[in-house]
Amino acid sequence: VDLKSLPLYIDLDATNEIKSLAKKLSARQANETVLELDSKEHEGLDELVFSCLKTDAEKRHQIINSLRQKIMNRMNKSQT
């Protein structure tokens, strides 16, 4: 990925939403990393970031699936 096309600093302008997500996360136990990708909190963070970056639905899906695959590969590698 060419990082030149992405802003170095992202102003999400979503302080209240971020605080709300942080509060929800702090009130529960963490799940396994790959399961966190499907949590409502993670989906909320994804929505904030992807919206700010103007990422379309297809690209969002690709990015999340790529992350999921990398996590699974890392988990499988650590077990061997």
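The figures that follow rest on heavy atoms only: side chains count, while hydrogens, waters and symmetry mates do not.
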Step by step, work out the side chain to side chain contact (heavy atoms under 4.5 Å, CB included) result for K59 and L53.
CA-CA 11 Å; K59 190 66 174 176; L53 296 174; over 6 Å; no
Using the test salt bridge (charged side-chain N to carboxylate O under 4.0 Å, His left out), find all partners of D46 that sit at least two apart in sequence or belong to another chain.
none
Quiz: residues 19-27 side-chain donor-acceptor pairs under 3.5 angstrom, not counting sequence neighbours:
unit_1, atom_1, unit_2, atom_2, d
S26, OG, A22, O, 3.3
S26, OG, K23, O, 2.9

Determine whether [X] and [Y] make a side-chain contact, defined as any pair of heavy atoms from C-beta on separated by less than 4.5 Å.
X	Y	value
T33	R74	yes
N31	E41	no
E47	E17	no
F50	I64	yes

Is a side-chain N or O of S66 found less than 3.5 angstrom from the main chain of I63, in a donor-acceptor match?
no
Do any N or O atoms from the side chain of R60 and from the backbone of T55 form a donor-acceptor pair under 3.5 angstrom?
yes
Pair N73, Q69: side-chain N/O donor-acceptor within cut-off below 3.5 Å:
yes
Note: L37 and E43 closest approach over all heavy atoms is O-CG, 4.2 Å
Closest contact, heavy atoms only, Q29 versus E36:
O-OE2, 4.5 Å
Please assess H61 against N65 for the test side chain to side chain donor-acceptor pair (under 3.5 Å), listing each intermediate value before the final yes or no.
CA-CA 6 Å; H61 185 70; N65 282 340; 2.9 Å; yes
